[in-house]
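As structure tokens, the structure follows; a few thoughts come after it.
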There are 2 protein chains.
Amino acid sequence: MDEQGPEGRGQRPRARGLHDRVLESLGPAITAGDYPPGTVLRTDELERRYDVSRTVVREAVRVLESMHLVESRRRVGVTVRPTEEWDVFDPQVIRWRLAGPDRPRQLRSLTALRSAIEPAAAGLAAEHATPEQCAELTGHALNMVATSRGQQLPAYLVHDVAFHRVVLRASGNEMFARLGDVVAEVLTGRTQHRVMFSDPDPEAVTLHVRVAEAVRAGDAEAAERYTKEITLGALRELDILAP
Amino acid sequence: MDEQGPEGRGQRPRARGLHDRVLESLGPAITAGDYPPGTVLRTDELERRYDVSRTVVREAVRVLESMHLVESRRRVGVTVRPTEEWDVFDPQVIRWRLAGPDRPRQLRSLTALRSAIEPAAAGLAAEHATPEQCAELTGHALNMVATSRGQQLPAYLVHDVAFHRVVLRASGNEMFARLGDVVAEVLTGRTQHRVMFSDPDPEAVTLHVRVAEAVRAGDAEAAERYTKEITLGALRELDILAP
DNA sequence: GTGACTTAAAAGTCATACTTATTTGATGGA
DNA sequence: TCCATCAAATAAGTATGACTTTTAAGTCAC
């Protein structure tokens, strides 16, 4: 049956090697803007800074280069590339930027992305979801209802995230499915700002139930419409928080 | 193995070094399924296969690992990861898969993605586009009209691609903007299949003009609706080609 | 000032020696 | 027989020094 969780990662702080340590230091620094575009890093300087060998630095740089964060040129050095060229869809880059000062802007971009993707995914899910997925969906929706009142936000969040993950996966589109982690991040981040303030919007809870029903009924149009309302709510929330 | 496969793609990814050569050989091979998930590659074997040093192989592997195509573990080797874990949004992975046997499926995924993103982007563009961008948009739309008849498909395609690029950029969302390359790839790939058959659908051409008008008028709802029709046409086309 | 030539800086490559984690399996005791 | 423990084998990870290649930049002749 169910093997180990397919994406059983919370965070993985385990540095799997020296190159990862360097990467996990340089990546956040660059995406945070500590090294503005145009900045030139020299390999041997990095060696000294991190007290590691060329091998290690080179591997880290190579990865940063594959994310289009930097460009390595002979006789020049490792140059930080302009922001517009970064691979902003790379999960690692997203993670780094969410952890940095760009977090608010990043959350906006991602929420806009959600608003575009999730309704479409819900529509597809209504056509492709398996009975098991429909059951999961209904289960999470009901649990959301159950935990929507009385300081149970953490539990609510778990089901909220799971709900959206299932929708994306049930869409049958591998690219949509891969956005599950991103959506999870957005939902978590969003809630962190109001965790002590209020229970979830009751209307949003109802909408989740409606989506689950629509998917189970195979009503793509309704599933899409209700999901659109959910994501519109998320967008509105952002405008309220920082207009 | 083949060193310079006949993948004469438009933009030659000029091997900037040995590690790139290895990467540009391993990447396509893995995404094509030549090494199914679970396959174990050993570093020293790759060294011999490509006749390069350890350094070079390791750098290539590190990049593949950052794309979640493989996982490198001590005492085990470099293992190809399950397809569901690949970073399917990585431009390089997209390129590799488009060049391989998965191309049709990949085009479907990407077209679904387009259908979700572009209408939203057009709506945002109506609110954020600069006068210059509006002018560009109108210009490309008019040029599409002008080249829509009489075996001018290559020229038509240029403006079609440019049009969609501008819309995505004008949305003001960096993530949408980065999908310009992907959309370009889809549009180009789509046309290759019918290049000798027919002129573009006149209705689609009209819709582009309408989108340009709506964006210029700041009518987000109309821009979104007309763009949705364009992408729906693209989806329908796929169903016709391979139902 | 233009163009060709030289220089030097920094990344790229290679070979080798060494370290570390992890699987495997063999040993030995309950 | 079974389980725990420990040892050996293995493949990736790291360090280092010598060497090559690219190329920005400076220099010289015209």
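Every chain is numbered from 1 and lettered A, B, ... according to where its sequence line falls, protein lines coming before strand lines.
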Item to check | B/S/- contact track for nucleotides 18-28 of chain D, protein heavy atom under 4.0 Å | outcome: B--BBBB----
Next on the checklist: Between B:Val56 and A:Ser72, which residue's closest nucleotide on DNA chain C lies nearer the 5′ terminus?
Outcome noted: A:Ser72
Checklist entry - Taking only residues at least two apart or on different chains, which pairs with a member in residues 84-94 of chain A satisfy side-chain hydrogen bond (donor to acceptor under 3.5 Å, both in side chains)? => result A:His68-A:Asp87, A:Arg81-A:Glu85, A:Asp87-B:Arg178, A:Gln92-A:Arg95
Checklist entry - Can you tell me how far C1' of C:dA11 sits from CG of A:Leu41, to the nearest Å? => result 13 Å
Next on the checklist: Please report the distance, rounded to the nearest Å, between CZ in B:Arg21 and C1' in C:dG12.
Outcome noted: 13 Å
Checklist entry - Atom CZ of A:Arg48 and atom P of D:dA15: how far apart are they, to the nearest Å? => result 15 Å
Checklist entry - Quick one: B:Glu71 CD to D:dA12 C1', roughly how many Å, whole number? => result 13 Å
Checklist entry - So B:Leu110 and B:Val183, side-chain contact (heavy atoms from CB on, under 4.5 Å) or not? Walk me through it. => result CA-CA 8 Å; B:Leu110 292 173; B:Val183 170; over 6 Å; no
Checklist outcome for this item: Across all chains, not counting sequence neighbours, the side-chain contact (heavy atoms from CB on, under 4.5 Å) partners of A:Arg62 are A:Arg58, A:Glu65, A:Ser72, B:His19, B:Glu59, B:Val63
Next on the checklist: For a quick check under 3.5 Å, do B:His164 and B:His208 share a side-chain donor-acceptor pair by atom type?
Outcome noted: yes
Checklist entry - When the distance from CZ of B:Arg58 to P of C:dT16 is rounded to whole Å, what number comes out? => result 18 Å
Next on the checklist: Main chain of B:Tyr156, side chain of B:Asp160: is a donor-acceptor contact present, judged purely on distance under 3.5 Å?
Outcome noted: no
Item to check | Within residues 111-121 of chain B or reaching into it, pairs that qualify as salt bridge (charged side-chain N to carboxylate O under 4.0 Å, His left out) - sequence neighbours excluded | outcome: B:Arg114-B:Glu118
Checklist entry - Rounding to a whole Å, what distance do you find between A:Leu46:CG and C:dA10:P? => result 13 Å
Next on the checklist: Quick check against the 3.5 Å criterion: does A:Ser25 have a side-chain atom that pairs as donor or acceptor with the backbone of A:Arg21?
Outcome noted: no
Checklist outcome for this item: By side-chain contact (heavy atoms from CB on, under 4.5 Å), A:Arg105 pairs with (sequence neighbours left out) A:Asp102
Item to check | Atom pair distance, as rounded to whole Å: CD in A:Glu47 and C1' in D:dA15 | outcome: 10 Å
Next on the checklist: Within the 4.0 Å heavy-atom criterion, would you say A:Thr55 contacts the bases, only the backbone, or no part of the nucleic acid?
Outcome noted: base
Checklist entry - Taking atom P of C:dA11 as reference, at what distance in whole Å does atom CG of B:Asp20 sit? => result 16 Å
Checklist entry - Which distance, rounded to the nearest 0.5 Å, do you find between the OG1 of A:Thr55 and the CD of A:Glu47? => result 8.5 Å
Item to check | Stem segments of DNA chain D by first residue number [Watson-Crick or G-U, under 3.5 Å, at least 3] | outcome: C:1-30 with D:1-30
Checklist entry - Reckon A:Val61 touches a base, only the sugar-phosphate, or nothing at all at heavy-atom distances under 4.0 Å? => result nothing
